Amino acid sequence: MNRRFASTFALLAFPAAAYPSVAQAELGGGLTSVAPDRARMQASLTTTAQGGYSRHIMVRSNGGQVHELTNAQGHVFAVVWAGPGKPDLRSLLGTHFAAYQDSLTSTPRRLRGLRRPAEVDKPDLVVQTAGHMGFFRGVAFIPSLAPPNFSPNDLVIA
C-alpha cells in the first residue's frame, strides 16, 4: 500500500472508529432506540399505551408516519409506516432487512407481477408493503414478540 493511500485511509477510518455507533430503533430492538430513531427522522413523537403494549407515533416533516409498537419487555415487535416517501427500511427492519430484501429477489418478477408488493410471510417475521409513487405504506412484525392481547388488525395507521 502506498503512503498516500495509507494516510487517506487512516483519515477516513478514524472518525468511524472514534465514535460509538448510534442505536437506532429496529424491529426486535429495544425501547431505548425509539428516541434516536425519532431524531434521525426529524419527527415529532407521541406515545400511547394500548393494553399490554405501547405505540410510538412519529410524524415526519413530510406528513408521513412511522409507528413502532413495543411490548411490556420493551422490544419493538412491530413497525408500521404510511405516507409520502419511504422511511429508511434498512434501519427500521434492522437484522430482518436481509429477509425482506431476499423476498424481492427470490421470486422471479414474472411470477410476482410488475405491481405486486414485496412480502415476507414466515413463522417469525411478517412484512407487507404497498404503495405507489408519492405514497407508501407497510407493516413488519414479529409474532413471537407480540403481547397476548395483540391483533394484527391493530397494525393500521388511521
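Keep in mind that what you see is a predicted model, and the values were worked out from it rather than measured.
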For a quick test of reading the model, state the closest non-hydrogen atom pair linking Asn149 to Gln50 and the distance between them. ND2-O, 4.5 Å
Please report the closest heavy-atom contact between Asn62 and Pro84, naming both atoms and the distance. ND2-O, 2.7 Å
Within the 4.5 Å heavy-atom criterion, are Thr129 and Lys86 side-chain neighbours or not? no
Kindly give the heavy-atom pair with the smallest separation between Phe135 and Ala82, and that separation in Å. CZ-CB, 4.1 Å
Indicate the atoms forming the closest heavy-atom contact of Pro143 with Pro123, along with that distance. CG-O, 3.7 Å
Among Leu92, Leu145, Val79, exactly one meets side chain to side chain contact (heavy atoms under 4.5 Å, CB included) together with Leu27. Which residue is that? Val79
With the side chain counted from C-beta on, respond yes when Asp154 and Tyr53 share a heavy-atom pair under 4.5 Å apart, and no when they do not. yes
Distance check, rounded to the nearest 0.5 Å: Thr47 atom OG1 versus Ile57 atom CD1? 8.0 Å
Taking the side chain as everything from C-beta on, heavy atoms only, tell me whether Leu125 gets closer than 4.5 Å to Tyr100. no
Worked verdict on Ile142 versus His96 for side chain to side chain contact (heavy atoms under 4.5 Å, CB included): CA-CA 10 Å; Ile142 301 173; His96 301 285; 3.4 Å; yes
Here the gap from Phe141 atom CZ to Gln128 atom CD, rounded to the nearest 0.5 Å, amounts to 8.0 Å
Quick one, Leu69 and Ser54 - any side-chain contact, counting heavy atoms below 4.5 Å? no
Smallest separation among heavy atoms of Lys122 and Ala99, with atom names: NZ-CB, 4.2 Å
Restricting to non-hydrogen atoms, name the atom on Asn71 and the atom on Phe77 that form the minimum distance, rounded to 0.1 Å. N-CD2, 3.6 Å
Any non-hydrogen side-chain atom of Leu155 less than 4.5 Å from a side-chain atom of Phe150? yes
Interatomic distance, Met58 atom CE to Thr46 atom OG1 [nearest 0.5 angstrom]: 10.0 Å
